[in-house]
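The next block holds one structure in the form of structure tokens; read it before the comments.
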Amino acid sequence: QVQLVESGGGWVQPGGSLRLSCVASVSSFALYTMGWYRQAPGKQRELVASISTGGSTYYGDSVKGRFTISRDNAKSTMYLQMNSLKPEDTSVYYCKAWYFADYWGQGTQVTVSS
């Protein structure tokens with residue numbers, strides 16, 4: 001069983017930055033493809049960014065050029081650096097790990113408003 005714990009969410013003004021972290025309680029973290037999803041009230045959960053075991057990255061169109069996903073396998077941790085935040089980025093952000101099975105974190109709230 002893999003446990004994922006997100007942190008780093010909070011309130012920020014438009015144009016500001018936040019860095020999310022996701023720590024995985026697993027020794028074989030390097031084998032897992034990792035991703036960040038988000039879900040706003042009344043909307044479907046959407047993929048924000050993902051990073052493969054080899055370090056290849058994918059970004060959703062709405063965050064390209066503003067968000068950066070990374071991972072530190074030695075620390076079993078994934079990050080999401082979010083810059084130039086917009087009010088429409090307001091969501092609960094979830095960490096996901098997948099390797100034969102999917103695992104989700106509990107989510108962290110990000111609120112962008114003035």
Side-chain angles (χ1 to χ4, degrees):
Q1 186 72 16
V2 177
Q3 290 188 328
L4 303 172
V5 179
E6 302 100 333
S7 62
W11 173 83
V12 64
Q13 291 185 333
S17 298
L18 285 173
R19 188 176 83 152
L20 305 184
S21 299
C22 171
V23 179
S25 62
V26 63
S27 59
S28 54
F29 178 78
L31 297 178
Y32 288 78
T33 296
M34 301 296 296
W36 289 99
Y37 285 72
R38 67 186 181 187
Q39 187 169 21
K43 294 189 176 181
Q44 288 189 330
R45 191 171 294 190
E46 64 171 344
L47 175 62
V48 175
S50 65
I51 185 165
S52 72
T53 56
S56 297
T57 58
Y58 163 86
Y59 296 95
D61 288 341
S62 62
V63 306
K64 282 180 183 177
R66 300 188 298 123
F67 291 9
T68 302
I69 190 171
S70 61
R71 64 190 298 163
D72 184 338
N73 291 337
K75 296 182 178 180
S76 297
T77 302
M78 173 181 65
Y79 304 97
L80 185 69
Q81 178 67 43
M82 305 186 294
N83 298 329
S84 303
L85 283 161
K86 304 176 181 180
E88 51 264 43
D89 295 317
T90 296
S91 282
V92 178
Y93 284 73
Y94 297 91
C95 169
K96 179 183 177 182
W98 58 103
Y99 176 61
F100 293 112
D102 296 347
Y103 302 93
W104 292 89
Q106 82 288 350
T108 185
Q109 176 71 46
V110 171
T111 302
V112 185
S113 74
S114 54

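Throughout, numbering of the chain's residues begins at 1 and tracks the sequence. Only heavy atoms go into these numbers, but all of them, side chains included; no hydrogens, no water, no symmetry mates.
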*Establish whether M34 and V2 are linked, either directly or via other cluster members, by ILVMFWY side-chain heavy-atom contacts under 4.5 Å.*
yes
Rounding to 0.5 Å, atoms NZ (K64) and OG1 (T57) come to a distance of 10.0 Å
To the nearest 0.5 Å, atom CZ of F29 lies from atom SG of C22 at 6.5 Å
OG (S114) and CD (Q13) are apart, to the nearest 0.5 Å, by 7.0 Å
* Asked: Side chains of W36 and C95: does their closest heavy-atom pair fall under 4.5 Å?
  -> yes
Do Y103 and V92 sit in one hydrophobic cluster, given that two such residues count as connected whenever their side-chain heavy atoms are within less than 4.5 Å of each other, even indirectly?
no
Side-chain donor/acceptor of R71 to backbone N/O of S52, under 3.5 Å | yes
Here the gap from R19 atom CZ to Q81 atom CD, rounded to the nearest 0.5 Å, amounts to 7.0 Å
| task | Determine, using the 4.5 Å side-chain heavy-atom cutoff (strictly less than), whether W11 and V110 are members of one ILVMFWY cluster. | result | no
Review point. Does D89 come within less than 4.0 Å of K86, counting only side-chain N to carboxylate O?
Key: no
Neighbour count above 12 (heavy atom, 6.0 Å) for Q44 CD: no
Contacts of Y32 meeting ring pair (Phe, Tyr, Trp, His ring centres under 6.0 Å) (sequence neighbours excluded), chain-then-number -> Y99
Passes side chain to side chain contact (heavy atoms under 4.5 Å, CB included), Q109 versus T90? Steps please. CA-CA 8 Å; Q109 176 71 46; T90 296; 3.9 Å; yes
Single-linkage hydrophobic cluster V23~M82, side-chain heavy atoms < 4.5 angstrom:
no
> Taking side chain as C-beta onward, heavy atoms only, is S21 less than 4.5 Å from K75?
Replying inline: no
Notebook entry, point to check: Would you find more than 12 non-hydrogen atoms of other residues, nucleotides or ligands less than 6.0 Å from Q3 atom CD?
Noted result: no
Rounded to the nearest 0.5 Å, the CD atom of E88 sits from the CZ atom of R38 at a distance of 8.0 Å
Rounded to the nearest 0.5 Å, the CZ atom of R66 sits from the CG atom of L85 at a distance of 6.5 Å
W104 meets the ring pair (Phe, Tyr, Trp, His ring centres under 6.0 Å) criterion, sequence neighbours left out, with Y37
Tightest non-hydrogen contact, residues N73 and A30, listed as ND2-CB, 3.7 Å
What one should report as the nearest heavy-atom pair of T33 and T53 is N-CG2, 4.1 Å
### Query
Are Y94 and L80 grouped together when hydrophobic residues (ILVMFWY) are joined by side-chain heavy atoms under 4.5 angstrom apart?
no
Here the ring pair (Phe, Tyr, Trp, His ring centres under 6.0 Å) pairs for residues 59-88, sequence neighbours left out, are none
A24 and L4 have their tightest heavy-atom pair at CB-CD2, 3.5 Å
- Query: Between Y58 and L47, is a side chain to side chain contact (heavy atoms under 4.5 Å, CB included) present by the stated rule, with each step listed?
  - Reply: CA-CA 9 Å; Y58 163 86; L47 175 62; 3.5 Å; yes
inquiry  = Whether the side chain of E6 engages the backbone of Q106 through a donor-acceptor N/O pair (distance < 3.5 Å, no angle test) should be reported.
reply    = yes
